[in-house]
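The structure appears below as C-alpha coordinates.
Being a predicted model, the structure only gives us computed values, none of them experimental. Per chain, numbering begins at 1; letters A, B, ... match sequence-line order.
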Amino acid sequence: LVDEVPMLYAVLCYNSEDSVFSWSKQEEEAVMGRLIAAQEKMAKAGRLGPVARLMPTTAATTLRKDSEPAVVIDGPFAETKEQLLGFYVVDCENLEEALDFAKELGKANPGGAFEIRPLLQFRPGSLKS
Amino acid sequence: VNDIAWIDAALTSARPRAVSALLRYFRDLDSAEEAFQNACLKALDAWPRNGPPRDPAAWLIMVGRNVGIDAARRQAKSKPLPDDDQLSDLDDAETAVAERLDDSHYRDDILRLLFICCHPELPATQQIALALRVVSGLTVPQIARAFLTSESAMEQRITRAKARIAKADVPFETPGAPERSERLGAVAGMVYLVFNEGYSATGGELPLRAPLCEEAIRLARLLLRLFPSEPEIMGLLALMLLQHARAAARFDADGSIILLDDQDRAKWDQEMIAEGLALIDKAMRHRRPGAYLVQAAIAALHARAARPEDTDWPQIDLLYATLERLTPSPVVTLNRAVAVSKARGPEAALAMIEPLAKDLSGYFYFFGVKGAMLQKLGRAAEARVAFDRAIALANNAAEAAHIRLQLDRLQQENPPAAKKV
(Lines give C-alpha, C1' and ligand atoms only; values in the text may rest on other atoms or scores of the structure.)
Protein backbone atom coordinates (compact mmCIF):
# COMPACT_ATOMS: atom_id res chain seq x y z
CA LEU A 1 0.00 0.00 0.00
CA VAL A 2 2.77 2.41 0.99
CA ASP A 3 4.39 1.93 -2.42
CA GLU A 4 1.38 3.38 -4.21
CA VAL A 5 1.36 6.66 -2.33
CA PRO A 6 3.38 9.15 -4.35
CA MET A 7 5.94 10.79 -2.15
CA LEU A 8 7.10 14.25 -3.09
CA TYR A 9 10.50 15.44 -2.01
CA ALA A 10 12.02 18.88 -2.13
CA VAL A 11 15.71 18.99 -2.90
CA LEU A 12 16.91 22.25 -1.37
CA CYS A 13 20.21 23.42 -2.81
CA TYR A 14 22.72 25.05 -0.51
CA ASN A 15 26.06 26.36 -1.68
CA SER A 16 28.37 29.32 -1.20
CA GLU A 17 26.81 32.03 -3.33
CA ASP A 18 30.21 33.69 -3.44
CA SER A 19 31.51 30.88 -5.61
CA VAL A 20 28.32 30.20 -7.56
CA PHE A 21 27.80 33.82 -8.55
CA SER A 22 31.47 34.13 -9.56
CA TRP A 23 31.09 31.52 -12.27
CA SER A 24 32.09 32.66 -15.72
CA LYS A 25 29.47 32.44 -18.47
CA GLN A 26 31.12 29.29 -19.83
CA GLU A 27 31.23 27.59 -16.43
CA GLU A 28 27.64 28.59 -15.82
CA GLU A 29 26.46 27.17 -19.14
CA ALA A 30 28.44 23.97 -18.61
CA VAL A 31 26.99 23.39 -15.12
CA MET A 32 23.43 24.22 -16.23
CA GLY A 33 23.74 21.85 -19.18
CA ARG A 34 24.92 19.03 -16.92
CA LEU A 35 22.13 19.74 -14.41
CA ILE A 36 19.45 19.58 -17.08
CA ALA A 37 20.85 16.27 -18.31
CA ALA A 38 20.78 14.95 -14.73
CA GLN A 39 17.06 15.79 -14.41
CA GLU A 40 16.10 14.40 -17.78
CA LYS A 41 15.16 10.90 -16.66
CA MET A 42 12.73 12.18 -14.02
CA ALA A 43 11.39 14.89 -16.30
CA LYS A 44 10.62 12.40 -19.08
CA ALA A 45 8.91 10.08 -16.60
CA GLY A 46 6.63 12.98 -15.61
CA ARG A 47 7.98 12.95 -12.06
CA LEU A 48 9.78 16.29 -11.97
CA GLY A 49 7.87 19.17 -10.37
CA PRO A 50 8.77 22.85 -10.21
CA VAL A 51 12.43 23.80 -10.33
CA ALA A 52 13.58 27.22 -9.18
CA ARG A 53 16.87 29.05 -9.05
CA LEU A 54 17.00 31.96 -6.60
CA MET A 55 18.75 35.31 -6.97
CA PRO A 56 21.63 35.93 -4.54
CA THR A 57 20.71 36.69 -0.93
CA THR A 58 21.61 40.34 -1.53
CA ALA A 59 18.29 40.54 -3.43
CA ALA A 60 16.38 39.05 -0.47
CA THR A 61 14.10 40.82 1.96
CA THR A 62 12.85 39.27 5.20
CA LEU A 63 9.51 39.98 6.85
CA ARG A 64 9.63 39.29 10.58
CA LYS A 65 6.04 38.63 11.55
CA ASP A 66 6.57 37.80 15.20
CA SER A 67 5.85 41.37 16.15
CA GLU A 68 3.03 43.78 15.38
CA PRO A 69 3.47 45.53 13.03
CA ALA A 70 5.68 43.09 11.14
CA VAL A 71 9.24 44.27 10.52
CA VAL A 72 10.87 44.35 7.09
CA ILE A 73 14.58 43.54 7.14
CA ASP A 74 16.94 43.73 4.17
CA GLY A 75 18.73 40.48 3.47
CA PRO A 76 18.10 36.76 3.98
CA PHE A 77 16.37 35.24 7.01
CA ALA A 78 19.53 33.58 8.28
CA GLU A 79 23.14 34.43 7.68
CA THR A 80 24.81 31.16 6.91
CA LYS A 81 28.07 30.05 5.37
CA GLU A 82 26.13 28.35 2.60
CA GLN A 83 22.95 29.87 1.24
CA LEU A 84 19.70 28.47 -0.11
CA LEU A 85 20.18 29.02 -3.85
CA GLY A 86 17.35 26.99 -5.38
CA PHE A 87 15.16 23.90 -5.13
CA TYR A 88 13.63 21.00 -7.03
CA VAL A 89 10.39 19.18 -6.34
CA VAL A 90 10.49 15.57 -7.41
CA ASP A 91 8.26 12.52 -7.10
CA CYS A 92 10.22 9.55 -5.74
CA GLU A 93 9.40 6.06 -4.54
CA ASN A 94 11.32 6.56 -1.32
CA LEU A 95 14.20 8.39 0.29
CA GLU A 96 16.69 6.10 -1.41
CA GLU A 97 15.48 7.18 -4.84
CA ALA A 98 15.40 10.84 -3.83
CA LEU A 99 19.00 10.52 -2.65
CA ASP A 100 19.96 8.93 -5.96
CA PHE A 101 18.37 11.83 -7.83
CA ALA A 102 20.25 14.31 -5.62
CA LYS A 103 23.51 12.42 -6.12
CA GLU A 104 23.11 12.74 -9.88
CA LEU A 105 22.59 16.48 -9.48
CA GLY A 106 25.58 16.60 -7.16
CA LYS A 107 27.82 15.00 -9.78
CA ALA A 108 26.69 17.65 -12.26
CA ASN A 109 27.38 20.45 -9.79
CA PRO A 110 29.80 19.54 -6.99
CA GLY A 111 30.26 21.63 -3.86
CA GLY A 112 27.77 22.63 -1.19
CA ALA A 113 24.90 20.43 0.03
CA PHE A 114 21.37 19.30 -0.78
CA GLU A 115 18.74 19.05 1.90
CA ILE A 116 16.21 16.36 0.96
CA ARG A 117 12.94 17.18 2.63
CA PRO A 118 9.64 15.32 2.09
CA LEU A 119 6.70 17.57 1.23
CA LEU A 120 3.77 17.65 3.63
CA GLN A 121 1.46 19.38 1.16
CA PHE A 122 1.83 20.34 -2.46
CA ARG A 123 -0.29 22.64 -4.60
CA PRO A 124 1.02 23.26 -8.10
CA GLY A 125 -0.47 26.76 -7.99
CA SER A 126 -1.95 28.75 -10.85
CA LEU A 127 1.24 30.14 -12.33
CA LYS A 128 1.63 29.67 -16.07
CA SER A 129 5.35 29.52 -16.72
CA VAL B 1 37.29 15.32 -10.37
CA ASN B 2 36.53 18.95 -9.65
CA ASP B 3 38.60 19.08 -6.44
CA ILE B 4 41.06 21.68 -7.58
CA ALA B 5 38.41 23.89 -9.17
CA TRP B 6 36.32 23.72 -6.03
CA ILE B 7 39.26 24.52 -3.74
CA ASP B 8 40.25 27.37 -5.99
CA ALA B 9 36.75 28.85 -5.79
CA ALA B 10 36.66 28.43 -2.00
CA LEU B 11 40.05 30.12 -1.59
CA THR B 12 38.97 33.02 -3.80
CA SER B 13 35.72 33.60 -1.98
CA ALA B 14 37.36 33.27 1.46
CA ARG B 15 40.11 35.69 0.53
CA PRO B 16 38.62 39.09 1.52
CA ARG B 17 37.56 37.89 4.95
CA ALA B 18 40.76 35.96 5.62
CA VAL B 19 43.22 38.61 4.43
CA SER B 20 41.37 41.37 6.26
CA ALA B 21 41.31 39.41 9.54
CA LEU B 22 45.01 38.62 9.14
CA LEU B 23 45.64 42.30 8.49
CA ARG B 24 43.97 43.16 11.77
CA TYR B 25 46.13 40.56 13.45
CA PHE B 26 49.49 41.45 11.90
CA ARG B 27 48.76 45.13 11.23
CA ASP B 28 50.83 44.97 8.08
CA LEU B 29 49.57 44.30 4.58
CA ASP B 30 52.57 42.32 3.33
CA SER B 31 52.59 40.03 6.37
CA ALA B 32 48.85 39.47 6.04
CA GLU B 33 49.13 38.58 2.36
CA GLU B 34 52.10 36.32 2.95
CA ALA B 35 50.33 34.52 5.79
CA PHE B 36 47.29 34.03 3.55
CA GLN B 37 49.45 32.67 0.72
CA ASN B 38 51.04 30.17 3.08
CA ALA B 39 47.66 29.14 4.44
CA CYS B 40 46.47 28.55 0.87
CA LEU B 41 49.42 26.27 0.20
CA LYS B 42 48.53 24.26 3.29
CA ALA B 43 44.90 24.14 2.18
CA LEU B 44 45.86 22.74 -1.21
CA ASP B 45 47.65 19.97 0.64
CA ALA B 46 45.14 19.31 3.43
CA TRP B 47 41.71 19.86 1.88
CA PRO B 48 41.85 17.15 -0.82
CA ARG B 49 42.85 14.64 1.90
CA ASN B 50 40.57 15.75 4.76
CA GLY B 51 37.71 17.24 2.81
CA PRO B 52 36.72 20.88 2.91
CA PRO B 53 36.57 22.59 6.31
CA ARG B 54 33.15 23.82 7.46
CA ASP B 55 34.31 27.42 7.38
CA PRO B 56 37.16 27.84 4.88
CA ALA B 57 37.84 31.47 5.84
CA ALA B 58 38.17 30.64 9.55
CA TRP B 59 40.48 27.72 8.69
CA LEU B 60 42.69 29.98 6.56
CA ILE B 61 42.77 32.68 9.25
CA MET B 62 43.86 30.22 11.97
CA VAL B 63 46.47 28.52 9.81
CA GLY B 64 47.69 31.82 8.36
CA ARG B 65 48.05 33.29 11.81
CA ASN B 66 50.10 30.31 13.07
CA VAL B 67 52.37 30.31 10.04
CA GLY B 68 52.83 34.05 10.39
CA ILE B 69 53.73 33.78 14.05
CA ASP B 70 56.30 31.09 13.27
CA ALA B 71 57.85 33.37 10.68
CA ALA B 72 57.87 36.28 13.12
CA ARG B 73 59.52 34.06 15.73
CA ARG B 74 62.26 33.00 13.33
CA GLN B 75 62.80 36.60 12.41
CA ALA B 76 62.80 37.62 16.06
CA LYS B 77 65.72 35.25 16.75
CA SER B 78 67.90 36.89 14.14
CA LYS B 79 66.85 40.39 15.10
CA PRO B 80 68.13 41.80 18.37
CA LEU B 81 65.23 44.18 19.00
CA PRO B 82 61.83 43.08 17.72
CA ASP B 83 59.18 45.75 17.94
CA ASP B 84 56.83 45.85 20.88
CA ASP B 85 53.72 45.07 18.95
CA GLN B 86 55.07 41.76 17.68
CA LEU B 87 56.49 40.78 21.04
CA SER B 88 53.24 41.29 22.86
CA ASP B 89 51.48 39.27 20.18
CA LEU B 90 53.80 36.36 20.82
CA ASP B 91 53.67 36.56 24.61
CA ASP B 92 49.97 36.74 24.75
CA ALA B 93 49.12 34.70 21.68
CA GLU B 94 46.26 32.66 23.08
CA THR B 95 44.10 35.48 24.42
CA ALA B 96 44.99 37.60 21.42
CA VAL B 97 43.68 34.92 19.07
CA ALA B 98 40.38 34.76 20.86
CA GLU B 99 40.02 38.51 20.82
CA ARG B 100 41.39 39.34 17.41
CA LEU B 101 39.70 36.60 15.50
CA ASP B 102 36.35 37.48 17.00
CA ASP B 103 33.97 36.94 14.15
CA SER B 104 31.86 40.00 14.87
CA HIS B 105 34.69 42.19 13.60
CA TYR B 106 34.69 40.81 10.11
CA ARG B 107 32.51 43.50 8.54
CA ASP B 108 34.83 46.22 9.70
CA ASP B 109 37.83 44.08 8.77
CA ILE B 110 36.78 43.80 5.15
CA LEU B 111 35.70 47.41 5.00
CA ARG B 112 39.09 48.43 6.39
CA LEU B 113 40.93 46.35 3.80
CA LEU B 114 38.94 47.97 1.00
CA PHE B 115 39.25 51.38 2.58
CA ILE B 116 43.04 51.12 2.73
CA CYS B 117 43.03 50.64 -1.02
CA CYS B 118 41.19 53.91 -1.59
CA HIS B 119 43.64 56.00 0.40
CA PRO B 120 43.30 59.58 -0.89
CA GLU B 121 47.03 59.83 -1.58
CA LEU B 122 46.80 57.04 -4.15
CA PRO B 123 45.84 57.96 -7.72
CA ALA B 124 42.71 56.19 -8.95
CA THR B 125 44.59 53.69 -11.12
CA GLN B 126 46.71 52.61 -8.14
CA GLN B 127 43.64 52.28 -5.93
CA ILE B 128 42.02 49.96 -8.43
CA ALA B 129 45.13 47.90 -9.05
CA LEU B 130 45.71 47.49 -5.33
CA ALA B 131 42.13 46.45 -4.61
CA LEU B 132 42.21 43.88 -7.41
CA ARG B 133 45.49 42.47 -6.13
CA VAL B 134 44.86 42.53 -2.38
CA VAL B 135 41.11 42.12 -2.01
CA SER B 136 40.12 40.19 -5.12
CA GLY B 137 43.37 38.25 -5.30
CA LEU B 138 43.83 38.64 -9.05
CA THR B 139 47.38 37.90 -10.12
CA VAL B 140 49.66 40.66 -11.38
CA PRO B 141 49.58 39.26 -14.96
CA GLN B 142 45.75 39.21 -14.81
CA ILE B 143 45.61 42.83 -13.65
CA ALA B 144 48.22 43.90 -16.18
CA ARG B 145 46.16 42.33 -18.98
CA ALA B 146 43.03 44.16 -17.81
CA PHE B 147 44.91 47.46 -17.74
CA LEU B 148 46.55 46.74 -21.10
CA THR B 149 49.96 47.26 -19.62
CA SER B 150 53.08 45.17 -19.05
CA GLU B 151 53.45 42.91 -16.03
CA SER B 152 56.54 44.73 -14.83
CA ALA B 153 54.79 48.11 -15.02
CA MET B 154 51.85 46.72 -13.06
CA GLU B 155 54.13 45.08 -10.51
CA GLN B 156 55.78 48.46 -10.01
CA ARG B 157 52.47 50.25 -9.70
CA ILE B 158 51.27 47.87 -6.98
CA THR B 159 54.57 47.95 -5.12
CA ARG B 160 54.50 51.74 -5.15
CA ALA B 161 50.93 51.80 -3.88
CA LYS B 162 51.80 49.41 -1.06
CA ALA B 163 54.80 51.49 -0.08
CA ARG B 164 52.62 54.57 0.22
CA ILE B 165 50.11 52.74 2.34
CA ALA B 166 52.80 51.32 4.62
CA LYS B 167 53.73 54.90 5.48
CA ALA B 168 50.15 56.02 5.95
CA ASP B 169 48.24 55.73 9.19
CA VAL B 170 45.87 52.79 9.00
CA PRO B 171 43.04 53.08 11.50
CA PHE B 172 42.67 49.79 13.37
CA GLU B 173 40.20 50.77 16.03
CA THR B 174 36.58 49.84 15.39
CA PRO B 175 35.02 52.73 13.48
CA GLY B 176 32.06 54.67 14.80
CA ALA B 177 28.95 55.13 12.70
CA PRO B 178 30.10 58.34 10.92
CA GLU B 179 33.54 56.89 10.06
CA ARG B 180 31.93 53.67 8.90
CA SER B 181 29.58 55.46 6.56
CA GLU B 182 32.41 57.66 5.28
CA ARG B 183 34.53 54.58 4.56
CA LEU B 184 31.62 52.88 2.87
CA GLY B 185 31.17 55.90 0.58
CA ALA B 186 34.84 55.93 -0.39
CA VAL B 187 34.87 52.19 -0.97
CA ALA B 188 31.72 52.35 -3.12
CA GLY B 189 33.42 55.01 -5.26
CA MET B 190 36.47 52.80 -5.69
CA VAL B 191 34.35 49.78 -6.66
CA TYR B 192 32.61 51.88 -9.31
CA LEU B 193 36.04 52.96 -10.60
CA VAL B 194 36.94 49.30 -11.02
CA PHE B 195 33.72 48.80 -12.95
CA ASN B 196 34.26 51.79 -15.21
CA GLU B 197 37.80 50.71 -15.94
CA GLY B 198 36.23 47.65 -17.57
CA TYR B 199 33.13 49.37 -18.93
CA SER B 200 35.07 52.08 -20.76
CA ALA B 201 36.94 49.45 -22.76
CA THR B 202 36.61 49.69 -26.53
CA GLY B 203 35.26 46.73 -28.49
CA GLY B 204 38.59 45.07 -29.21
CA GLU B 205 39.74 45.35 -25.60
CA LEU B 206 36.50 44.09 -24.14
CA PRO B 207 37.40 40.41 -23.67
CA LEU B 208 40.44 41.51 -21.68
CA ARG B 209 38.70 44.17 -19.63
CA ALA B 210 35.21 42.80 -18.98
CA PRO B 211 36.52 40.78 -16.00
CA LEU B 212 36.95 44.13 -14.25
CA CYS B 213 33.20 44.68 -14.48
CA GLU B 214 32.53 41.22 -13.08
CA GLU B 215 34.99 41.77 -10.26
CA ALA B 216 33.37 45.09 -9.35
CA ILE B 217 29.97 43.37 -9.23
CA ARG B 218 31.43 40.70 -6.97
CA LEU B 219 32.88 43.35 -4.65
CA ALA B 220 29.56 45.20 -4.51
CA ARG B 221 27.76 41.95 -3.61
CA LEU B 222 30.30 41.43 -0.85
CA LEU B 223 29.71 44.97 0.45
CA LEU B 224 25.95 44.55 0.35
CA ARG B 225 26.17 41.29 2.29
CA LEU B 226 28.18 43.13 4.94
CA PHE B 227 25.87 46.15 4.96
CA PRO B 228 22.52 44.77 3.84
CA SER B 229 20.46 47.89 4.62
CA GLU B 230 22.45 50.46 2.67
CA PRO B 231 20.29 51.68 -0.24
CA GLU B 232 23.29 53.27 -1.96
CA ILE B 233 25.13 49.94 -2.05
CA MET B 234 21.97 48.33 -3.48
CA GLY B 235 21.91 51.18 -5.99
CA LEU B 236 25.57 50.72 -6.89
CA LEU B 237 25.15 46.98 -7.45
CA ALA B 238 21.95 47.54 -9.45
CA LEU B 239 23.60 50.23 -11.58
CA MET B 240 26.52 47.98 -12.47
CA LEU B 241 24.30 44.97 -13.18
CA LEU B 242 22.04 47.00 -15.47
CA GLN B 243 24.98 48.49 -17.36
CA HIS B 244 26.85 45.20 -17.62
CA ALA B 245 23.66 43.47 -18.82
CA ARG B 246 24.14 45.30 -22.13
CA ALA B 247 27.73 44.10 -22.61
CA ALA B 248 26.96 41.68 -25.46
CA ALA B 249 25.08 44.37 -27.42
CA ARG B 250 27.44 47.31 -27.02
CA PHE B 251 29.90 46.60 -29.86
CA ASP B 252 29.60 45.37 -33.40
CA ALA B 253 31.78 42.68 -34.99
CA ASP B 254 34.45 45.27 -35.84
CA GLY B 255 34.56 46.50 -32.25
CA SER B 256 32.78 49.80 -32.98
CA ILE B 257 30.47 51.09 -30.33
CA ILE B 258 26.71 50.65 -30.83
CA LEU B 259 24.63 53.36 -29.19
CA LEU B 260 21.76 52.45 -26.88
CA ASP B 261 19.10 53.23 -29.50
CA ASP B 262 20.69 50.91 -32.05
CA GLN B 263 21.49 47.97 -29.76
CA ASP B 264 19.90 44.57 -30.30
CA ARG B 265 17.94 44.37 -27.06
CA ALA B 266 17.54 40.61 -27.38
CA LYS B 267 21.24 40.44 -26.49
CA TRP B 268 20.71 42.13 -23.14
CA ASP B 269 21.18 39.77 -20.20
CA GLN B 270 17.70 39.42 -18.71
CA GLU B 271 18.90 37.74 -15.50
CA MET B 272 21.19 40.64 -14.66
CA ILE B 273 18.41 43.09 -15.47
CA ALA B 274 15.95 41.23 -13.22
CA GLU B 275 18.41 41.28 -10.34
CA GLY B 276 19.11 44.98 -10.87
CA LEU B 277 15.40 45.79 -10.86
CA ALA B 278 14.85 43.73 -7.69
CA LEU B 279 17.60 45.66 -5.93
CA ILE B 280 16.18 49.03 -6.96
CA ASP B 281 12.80 47.91 -5.69
CA LYS B 282 14.34 47.08 -2.31
CA ALA B 283 16.36 50.28 -2.14
CA MET B 284 13.41 52.53 -2.98
CA ARG B 285 11.68 51.44 0.21
CA HIS B 286 14.28 53.35 2.20
CA ARG B 287 13.12 56.63 0.67
CA ARG B 288 16.50 58.33 0.69
CA PRO B 289 17.74 58.10 -2.87
CA GLY B 290 21.45 58.69 -3.43
CA ALA B 291 23.39 59.22 -6.62
CA TYR B 292 23.98 55.53 -7.39
CA LEU B 293 20.35 54.61 -6.85
CA VAL B 294 19.11 57.43 -9.10
CA GLN B 295 21.55 56.43 -11.84
CA ALA B 296 20.41 52.82 -11.43
CA ALA B 297 16.80 53.95 -11.77
CA ILE B 298 17.69 55.71 -15.03
CA ALA B 299 19.43 52.57 -16.31
CA ALA B 300 16.34 50.59 -15.25
CA LEU B 301 14.05 52.70 -17.43
CA HIS B 302 16.25 51.92 -20.41
CA ALA B 303 16.32 48.24 -19.46
CA ARG B 304 12.53 48.11 -19.17
CA ALA B 305 11.92 49.53 -22.65
CA ALA B 306 11.42 46.69 -25.11
CA ARG B 307 12.13 49.10 -27.99
CA PRO B 308 13.95 52.46 -27.92
CA GLU B 309 10.68 54.28 -28.65
CA ASP B 310 9.14 52.74 -25.51
CA THR B 311 11.64 54.56 -23.29
CA ASP B 312 10.04 56.72 -20.62
CA TRP B 313 12.06 59.88 -21.39
CA PRO B 314 9.98 62.29 -19.23
CA GLN B 315 10.70 60.07 -16.21
CA ILE B 316 14.39 59.93 -17.12
CA ASP B 317 14.39 63.73 -17.36
CA LEU B 318 12.93 63.90 -13.82
CA LEU B 319 15.49 61.43 -12.47
CA TYR B 320 18.33 63.48 -13.99
CA ALA B 321 16.85 66.55 -12.32
CA THR B 322 17.11 64.68 -9.00
CA LEU B 323 20.67 63.69 -9.84
CA GLU B 324 21.51 67.33 -10.60
CA ARG B 325 20.33 68.24 -7.11
CA LEU B 326 22.27 65.40 -5.47
CA THR B 327 25.51 65.81 -7.44
CA PRO B 328 25.44 69.05 -9.43
CA SER B 329 27.84 68.86 -12.37
CA PRO B 330 27.84 70.08 -15.98
CA VAL B 331 28.22 66.48 -17.15
CA VAL B 332 25.01 65.47 -15.37
CA THR B 333 23.19 68.41 -16.97
CA LEU B 334 24.58 67.37 -20.35
CA ASN B 335 23.17 63.87 -19.83
CA ARG B 336 19.88 65.36 -18.77
CA ALA B 337 19.81 67.40 -21.98
CA VAL B 338 19.81 64.17 -24.01
CA ALA B 339 16.68 63.04 -22.15
CA VAL B 340 15.17 66.51 -22.55
CA SER B 341 15.71 66.42 -26.31
CA LYS B 342 13.68 63.19 -26.45
CA ALA B 343 11.00 64.34 -24.02
CA ARG B 344 10.64 67.98 -25.02
CA GLY B 345 12.55 68.44 -28.25
CA PRO B 346 16.02 69.62 -29.36
CA GLU B 347 15.32 73.31 -28.75
CA ALA B 348 14.78 72.84 -25.00
CA ALA B 349 17.86 70.61 -24.86
CA LEU B 350 20.04 73.14 -26.65
CA ALA B 351 18.91 75.89 -24.27
CA MET B 352 19.89 73.60 -21.39
CA ILE B 353 23.42 72.90 -22.60
CA GLU B 354 24.37 76.33 -23.92
CA PRO B 355 25.28 77.63 -20.43
CA LEU B 356 27.67 74.66 -20.08
CA ALA B 357 29.86 75.78 -23.00
CA LYS B 358 32.51 77.33 -20.77
CA ASP B 359 32.81 74.41 -18.35
CA LEU B 360 32.81 71.74 -21.04
CA SER B 361 34.89 73.48 -23.72
CA GLY B 362 37.32 70.52 -23.75
CA TYR B 363 34.73 67.75 -23.49
CA PHE B 364 34.14 65.44 -26.43
CA TYR B 365 30.56 64.52 -25.50
CA PHE B 366 29.49 68.15 -25.14
CA PHE B 367 30.23 68.88 -28.80
CA GLY B 368 28.82 65.53 -29.88
CA VAL B 369 25.49 66.28 -28.16
CA LYS B 370 25.49 69.92 -29.26
CA GLY B 371 26.11 68.90 -32.87
CA ALA B 372 23.29 66.37 -32.74
CA MET B 373 20.83 68.97 -31.35
CA LEU B 374 21.81 71.54 -33.99
CA GLN B 375 21.48 68.90 -36.68
CA LYS B 376 17.95 68.05 -35.53
CA LEU B 377 17.09 71.78 -35.63
CA GLY B 378 18.31 71.97 -39.22
CA ARG B 379 21.21 74.30 -38.32
CA ALA B 380 23.64 72.33 -40.47
CA ALA B 381 26.55 74.78 -40.59
CA GLU B 382 26.67 75.16 -36.80
CA ALA B 383 26.27 71.40 -36.37
CA ARG B 384 29.30 70.86 -38.61
CA VAL B 385 31.42 73.20 -36.46
CA ALA B 386 30.37 71.33 -33.30
CA PHE B 387 31.11 67.91 -34.86
CA ASP B 388 34.52 69.08 -36.08
CA ARG B 389 35.33 70.20 -32.57
CA ALA B 390 34.15 66.84 -31.19
CA ILE B 391 36.46 64.95 -33.56
CA ALA B 392 39.37 67.09 -32.42
CA LEU B 393 38.56 66.17 -28.80
CA ALA B 394 37.82 62.46 -29.34
CA ASN B 395 39.50 60.19 -26.79
CA ASN B 396 39.93 57.31 -29.19
CA ALA B 397 39.47 56.23 -32.79
CA ALA B 398 36.03 54.73 -32.12
CA GLU B 399 34.66 58.05 -30.82
CA ALA B 400 36.06 59.95 -33.78
CA ALA B 401 34.65 57.39 -36.21
CA HIS B 402 31.22 57.73 -34.62
CA ILE B 403 31.20 61.52 -35.12
CA ARG B 404 32.46 61.16 -38.70
CA LEU B 405 29.40 59.03 -39.33
CA GLN B 406 27.23 61.91 -38.10
CA LEU B 407 29.13 64.31 -40.33
CA ASP B 408 28.58 62.05 -43.34
CA ARG B 409 24.87 61.94 -42.60
CA LEU B 410 24.84 65.73 -42.27
CA GLN B 411 26.64 66.00 -45.59
CA GLN B 412 24.03 63.83 -47.31
CA GLU B 413 21.11 65.72 -45.83
CA ASN B 414 22.62 69.18 -46.35
CA PRO B 415 25.11 69.24 -49.25
CA PRO B 416 27.44 72.25 -48.83
CA ALA B 417 26.17 75.35 -50.69
CA ALA B 418 29.23 75.52 -52.96
CA LYS B 419 28.42 72.16 -54.52
CA LYS B 420 24.80 73.03 -55.01
CA VAL B 421 25.56 75.98 -57.26
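Only the side chain of A/Glu79 comes within contact range of chain B, with at least one heavy atom under 4.5 Å from a heavy atom of that chain. Only the side chain of B/Arg218 comes within contact range of chain A, with at least one heavy atom under 4.5 Å from a heavy atom of that chain. Using a 4.5 Å cut-off between heavy atoms, A/Val20 makes no contact with chain B at all. Contact annotation for B/Leu224: both backbone and side-chain heavy atoms come within less than 4.5 Å of a heavy atom of chain A. Both the backbone and the side chain of B/Glu275 come within contact range of chain A, with heavy atoms under 4.5 Å apart. Both the backbone and the side chain of B/Ser229 come within contact range of chain A, each with at least one heavy atom under 4.5 Å from a heavy atom of that chain. Both the backbone and the side chain of B/Ala274 come within contact range of chain A, each with at least one heavy atom under 4.5 Å from a heavy atom of that chain.
Remark: B/Leu241 CG to A/Met55 CE distance equals 9.5 Å, nearest 0.5 Å. Note: B/Leu222 CG to A/Asp18 CG = 6.5 Å, rounded to the nearest 0.5 Å. In this structure, CG on B/Leu11 lies 10.5 Å from OG on A/Ser19, to the nearest 0.5 angstrom.
Annotation for A/Phe122: atom CZ counts as buried by contact number, over 12 foreign heavy atoms lying within 6.0 Å. The local environment of CZ in B/Arg49 is crowded, with over 12 non-hydrogen atoms from other residues, nucleotides or ligands closer than 6.0 Å.
For the residue pair B/Leu237 and A/Thr58, the shortest heavy atom distance occurs at CD2-OG1, 4.3 Å. A/Ala60 and B/Lys282 make their closest contact through O-NZ, 2.5 Å (heavy atoms, listed as atom of the first residue, atom of the second, distance).
Proximity of A/Glu17 to B/Arg225: side-chain heavy atoms (C-beta onward) are separated by under 4.5 Å at one or more points.
Ranked by heavy-atom pairs under 4.5 Å with chain A, the list B/Glu271, B/Arg285, B/Glu215 is led by B/Arg285.
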